[in-house]
Amino acid sequence: MGIKGLTKLLSDHAPGCMREQKFESYLDRKVAIDASMHIYQFMMVIGRQGDQTLTNDAGEVTSHLQGMFMRTCRMLEAGIKPVYVFDGKPPTMKGGELAKRKDKRDEAEAALAKAKEAGDQEEIEKMSKRTVRVTRQQSQEVMQLARLMGLPVFEAPCEAEASCAALCKAGLVYAAASEDMDTLCFACPKLARNLMSPASQGKPILEFDYEKILTELDMTWEQFIDVCILCGCDYCDSIKGVGPVKAVSLIKKHGNIETLLQHLDTEKYPVPEDWPYKEARELFKHPDVVNTDGLELKWTAPDEEGIVAFLVGEKQFGEERVRNTLKKLKAAKGKSSQNRLESFFGAVTVKSSTTGKRKE
DNA sequence: TCTCTCGCCACAGACGAG
DNA sequence: CCTCGTCC
DNA sequence: ACGTGTGGCGAGAG
């Protein structure tokens, strides 16, 4: 997923749309998150040895729950209020892209089988990462966990990113937190990247401001979408020889893809046959999303016993570990509201930002 | 020579004990 | 600080 | 039962 080279394009042509933010500034902020993407990544990485993952005795994979439980706790601990949005059905337009990926997967599966024969551990690990799948049941388990933790949860009718953008447009969340630049094509007012990286890499949060993108590029929404389609998106092929640089200059010159096509040297730059750029544009402009009319988002306290029953009872997590994690969460809750009060009354005491030692 | 695109590769969590 | 083993 | 994003590097075309 994504628009090829869009990050670099924006930092070249619209640097003002990007702003670094402190992690602390997200205290008490609501953000929409594409949960499916996170699940997918956890499945690839957590508890891996060869092609093994974390499982309970019944052989059910638990890597996704381990990852999501920890990450959700970290967010709540930091005072962030996440909404999880899950992917629905993929748009039919992804067909072409899909076929390609299936081929790649089949290749990886063959390579995996071969590596197993040969007992090549390194190759097994590499290939098994490329054949990861997230089942419907696994997604639903994460939904169940998220609800137990008191978060609002949505199943998007189609792509999760589009619904995240819709929640943001409706003012229900401050930003969509995603690594996927597609989100901006849906006119999402604010996109936050690296939201969870302070722990992993120490990168600051990077915000993209949609209005500033249009202002600095001096383009309309439609023109920006056309640039993204030319750069290369999931919905259709792009023109060979045209990348981010030419995409911007061509749209600046001609205004839209239709006009551009009339002037393009199709000898040098062959346009794909049956190129459905109009349909792609339509998907960005009018995606199928959750209905936000009269919608209210509510966060409630985690249901500790419910979580224990699920994770410990069914999935064989260590009870002490689970309860400990939830305890830390409770403690942090008091602290974060205290911070909020302090800043409300003007007592700006942001001190221990680096090493959070517990108080004596 | 420089610019741009493309293809191939690598990589990806979070915790806590020591 | 870090590396490394473990999480299920 | 659909499935990534990113950066780096070198090749090749213009």
Side-chain angles (χ1 to χ4, degrees), chain A residues 1-9 12 34 36-49 52-75 77 86-102 104-105 108 122 125-126 129-140 158-161 178-183 193-194 196-201 203 230-232 234 238-249 265 267-269 311-312 314-322 324-325 328 354-355:
Chain A
M1 274 199 174
I3 308 298
K4 268 184 210 153
L6 185 54
T7 308
K8 192 171 179 310
L9 186 156
D12 289 345
D34 172 2
S36 308
M37 188 103 284
H38 291 252
I39 296 174
Y40 182 74
Q41 285 170 346
F42 287 139
M43 295 291 271
M44 266 196 300
V45 162
I46 294 189
R48 252 181 195 285
Q49 274 171 296
Q52 302 299 105
T53 55
L54 302 183
T55 59
N56 63 6
D57 283 347
E60 297 165 328
V61 177
T62 52
S63 295
H64 56 307
L65 293 170
Q66 172 76 8
M68 290 303 271
F69 179 57
M70 287 302 176
R71 181 163 285 181
T72 307
C73 282
R74 278 214 300 137
M75 279 193 276
E77 229 175 296
F86 291 78
D87 268 329
K89 288 175 182 166
T92 46
M93 275 198 71
K94 274 193 177 175
E97 192 62 21
L98 288 188
K100 275 187 214 163
R101 287 176 188 163
K102 185 171 188 312
K104 275 198 174 171
R105 176 197 300 268
E122 213 170 298
E125 182 145 345
K126 206 163 45 170
K129 278 183 184 174
R130 294 189 198 174
T131 56
V132 164
R133 267 171 234 229
V134 178
T135 66
R136 173 119 190 102
Q137 190 196 338
Q138 286 159 351
S139 287
Q140 281 175 346
C158 197
E159 305 228 71
E161 289 303 338
S178 173
E179 308 311 308
D180 188 345
M181 300 297 286
D182 278 23
T183 313
R193 305 184 91 188
N194 310 328
M196 280 299 109
S197 55
S200 57
Q201 290 146 19
K203 280 189 207 162
L230 288 172
C231 287
D234 284 350
S238 53
I239 302 171
K240 267 217 184 291
V242 176
V245 177
K246 291 208 178 68
V248 170
S249 63
D265 179 355
E267 294 295 316
K268 248 195 243 173
Y269 304 111
L311 292 183
V312 178
E314 285 182 47
K315 302 299 179 182
Q316 296 174 270
F317 278 53
E319 174 158 0
E320 196 184 318
R321 188 177 271 256
V322 171
N324 247 348
T325 308
K328 270 200 306 188
T354 46
T355 47

Spell out protein contact along nucleotides 1-8 of chain B as letters: B when the base is contacted, S when just the sugar-phosphate is, - when no protein heavy atom is under 4.0 Å; keep the 5' to 3' order. ---SSSS-
Where is the tightest heavy-atom contact between A:Thr55 and A:Val61, given as atom of each residue plus distance? CG2-CA, 4.0 Å
Distance-only side-chain donor-acceptor flag, A:Gln316 / A:Asp57, under 3.5 Å: yes
Name the residue from A:Arg321, A:Lys315, A:Glu319 that meets the side chain to side chain contact (heavy atoms under 4.5 Å, CB included) definition with A:Phe317. A:Lys315
Pick the P atom in C:dT6 and in B:dC9, then give their distance to the nearest Å. 33 Å
Atom C1', compared across D:dA1 and B:dG13: separation rounded to whole Å: 24 Å
Could you work out the separation of C:dC8 and B:dG7 based on their P atoms and round it to a whole Å? 43 Å
For atom CD of A:Gln41 and atom P of D:dT6, their distance in whole Å: 11 Å
If you apply the rule side-chain contact (heavy atoms from CB on, under 4.5 Å), what do you find for A:Gln138 with A:Glu60, and how did you get there? CA-CA 9 Å; A:Gln138 286 159 351; A:Glu60 297 165 328; over 6 Å; no
Begin from the C-alpha positions of A:Ile239 and A:Lys246 and carry the test side-chain contact (heavy atoms from CB on, under 4.5 Å) through to its verdict. CA-CA 11 Å; A:Ile239 302 171; A:Lys246 291 208 178 68; over 6 Å; no
Check nucleotides 5-8 of chain C for protein N or O atoms closer than 3.5 Å to its own N or O atoms and list the pairs.
from, atom 1, to, atom 2, distance (Å)
C:dC7, O2, A:Gln66, NE2, 3.1
C:dC8, OP1, A:Gly318, N, 2.8
C:dC8, O3', A:Thr62, OG1, 3.2
C:dC8, O3', A:Lys315, O, 2.4
C:dC8, O2, A:Thr55, N, 2.8
C:dC8, O2, A:Thr55, O, 3.1

What pair of heavy atoms forms the shortest contact from A:Pro90 to A:Cys158, and how long is it? C-SG, 4.3 Å
Can you measure A:Met37 atom CE to D:dC2 atom C1' for me and round it to whole angstrom units? 11 Å
Here the distance between atom C1' of D:dC2 and atom CZ of A:Arg133, to the nearest Å, is 10 Å
State, to 0.1 Å, how close A:Ile46 and A:Gln66 come at their nearest heavy-atom pair, and which atoms those are. CG2-CG, 4.2 Å
Nucleotide B:dC15, atom P - distance to CG of A:Leu65 in whole Å: 17 Å
Quick one: is A:Arg74 getting a side-chain N or O under 4.0 Å of the B:dA14 phosphate, OP1 or OP2? yes
For B:dT1, the Watson-Crick or wobble partner whose two distances fall under 3.5 Å: none
Given the C1' atoms of C:dG5 and B:dA10, what is the spacing between them in whole Å? 24 Å
Which pair of non-hydrogen atoms, one from A:Met43 and one from A:Arg48, has the smallest distance, and what is that distance? O-NH2, 3.5 Å
For A:Asp87 versus A:Ala160, what's the shortest heavy-atom pair and its separation? OD1-N, 2.7 Å
Under 4.0 Å from OP1 or OP2 of B:dA10: is there any side-chain N or O of A:Lys126 that close? yes
Whole Å only: how far is the CZ atom of A:Phe42 from the P atom of D:dT4? 18 Å
I'd like to know if the side chain of A:Ser63 and the backbone of A:Leu54 have a donor-acceptor N/O pair within less than 3.5 Å. yes
Using whole Å, report how far NE2 of A:His64 lies from C1' of D:dA1. 14 Å
Would you mind classifying the nucleic acid contact of A:Ser63 as base, sugar-phosphate or nothing, using non-hydrogen atoms under 4.0 angstrom? nothing
Tell me what A:Arg136 touches on the nucleic acid: a base, only sugar-phosphate, or nothing, going by heavy atoms under 4.0 Å. base
Just how far, in rounded Å, is P of D:dT4 from CD of A:Glu159? 12 Å
Using the C1' atom as the reference point in each nucleotide, state the distance between C:dC7 and B:dC8 in Å, no decimals. 34 Å
To the nearest angstrom, how far is A:Asp265 atom CG from D:dA13 atom P? 17 Å
Sorted by position of nearest nucleotide on DNA chain D, 5' first, the leading residue of A:Glu179 and A:Gly88 is A:Gly88
Of the listed nucleotides (D:dA1, D:dG3, B:dG16), which one gets closest to any side-chain atom of A:Lys328? B:dG16
Between A:Asp234 and A:Gly2, what is the shortest heavy-atom contact and its length? OD2-N, 3.9 Å
Map A:Lys8 and A:Lys89 onto DNA chain D by nearest heavy atom, then report which one ends up closer to the 5' terminus. A:Lys89
Using atom C1' in both nucleotides, what's the gap between D:dA11 and B:dT1 to the nearest angstrom? 16 Å
